[in-house]
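Step one of this worksheet: look at the structure below.
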Amino acid sequence: MSPLDKFLHGHGNMRQYGSRYRGACLACNASNKTTLSIAEGQDGAVLVRCFKAGCDAQSIARSVGLELQDLFPERLTAHHTPGPRRRGMLSAAEALGLLRFEAELIRIAAANLAAGVSLTEQDRARLGQCCSRIANLEAEVHS
């Protein structure tokens, strides 16, 4: 089951509008049925946005019975070598959504570090992936 399918199954009441889905944000108990917007990113990750209270991705994931990591597809094995990457595949809105999501993960890690919580090896690896994705977005913008 894809991360998007897991999210839709957990929420149970999202409506599709083109390639995006809208519904009530369960993290802030929004009564409006269009306060939460989700979409599937190019890499298969679920991109989320709460328009009512600006709930963070972790809170939104937990509100539907998932963890933050469940919003991402499983990692590829080390034996996989992807083909050449096409340039200009993301729209500006998609790029900003991805950047916002990666920045949110960095913010969560920084808050944990500030609170004295040690990062696991998996956390450090994911932060490295955040930096790589942000650098790739920058390179795409400048290409």
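If you read the sequence from its start, that first residue is 1, and numbering goes on from there. Computation of the quantities below employed the complete heavy-atom set of this structure, encompassing side-chain atoms and omitting hydrogens, waters and symmetry-equivalent molecules.
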Which heavy atom in [X] sits nearest to a heavy atom in [Y], and how many Å separate them?
{"X": "L99", "Y": "I134", "value": "CD1-CG1, 3.7 Å"}
{"X": "Y17", "Y": "R15", "value": "CD1-O, 3.4 Å"}
{"X": "C50", "Y": "C25", "value": "SG-SG, 3.7 Å"}

Are [Y] and [X] co-members of a hydrophobic cluster defined by side-chain heavy atoms under 4.5 Å apart?
{"X": "V48", "Y": "L96", "answer": "no"}
{"X": "L66", "Y": "L26", "answer": "yes"}
{"X": "L137", "Y": "F72", "answer": "no"}
{"X": "L98", "Y": "L105", "answer": "no"}

If you define the side chain from C-beta out and look only at heavy atoms, does anything of [X] sit under 4.5 Å from [Y]?
{"X": "I60", "Y": "L71", "value": "no"}
{"X": "D123", "Y": "L127", "value": "no"}
{"X": "M14", "Y": "L36", "value": "yes"}

Original post:
When clusters are formed from ILVMFWY side-chain contacts under 4.5 Å, directly or step by step, what else is grouped with V117?
Top reply: none
Subject >> Qualifying salt bridge (Lys or Arg N to Asp or Glu O under 4.0 Å) pairs with a residue from residues 100-114, counting only residues at least two apart or across chains >> reply: D56-R107, E102-R126, E102-R133, E104-R107
Could you tell me the separation between the [atom1] atom of [X] and the [atom2] atom of [Y], rounded to the nearest 0.5 Å?
{"X": "S63", "Y": "F7", "atom1": "OG", "atom2": "CZ", "value": "6.0 Å"}
{"X": "K33", "Y": "N13", "atom1": "NZ", "atom2": "CG", "value": "6.0 Å"}
{"X": "R124", "Y": "S118", "atom1": "CZ", "atom2": "OG", "value": "8.5 Å"}
{"X": "M1", "Y": "D70", "atom1": "CE", "atom2": "CG", "value": "11.5 Å"}
{"X": "I38", "Y": "R22", "atom1": "CD1", "atom2": "CZ", "value": "11.0 Å"}
{"X": "L68", "Y": "Q58", "atom1": "CG", "atom2": "CD", "value": "5.5 Å"}

**OP:** Start with the C-alpha distance between C28 and K52, add both sets of side-chain angles, then the distance that settles side-chain contact (heavy atoms from CB on, under 4.5 Å), and finish with yes or no.
**Re:** CA-CA 8 Å; C28 61; K52 179 183 177 195; 3.9 Å; yes
Original post:
Distance-only, no hydrogens or angles: does the S59 side chain make a donor-acceptor pair with backbone N or O of A27 under 3.5 Å?
Top reply: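 No, because the side chain of S59 does not come within donor-acceptor range (under 3.5 Å) of the backbone of A27.
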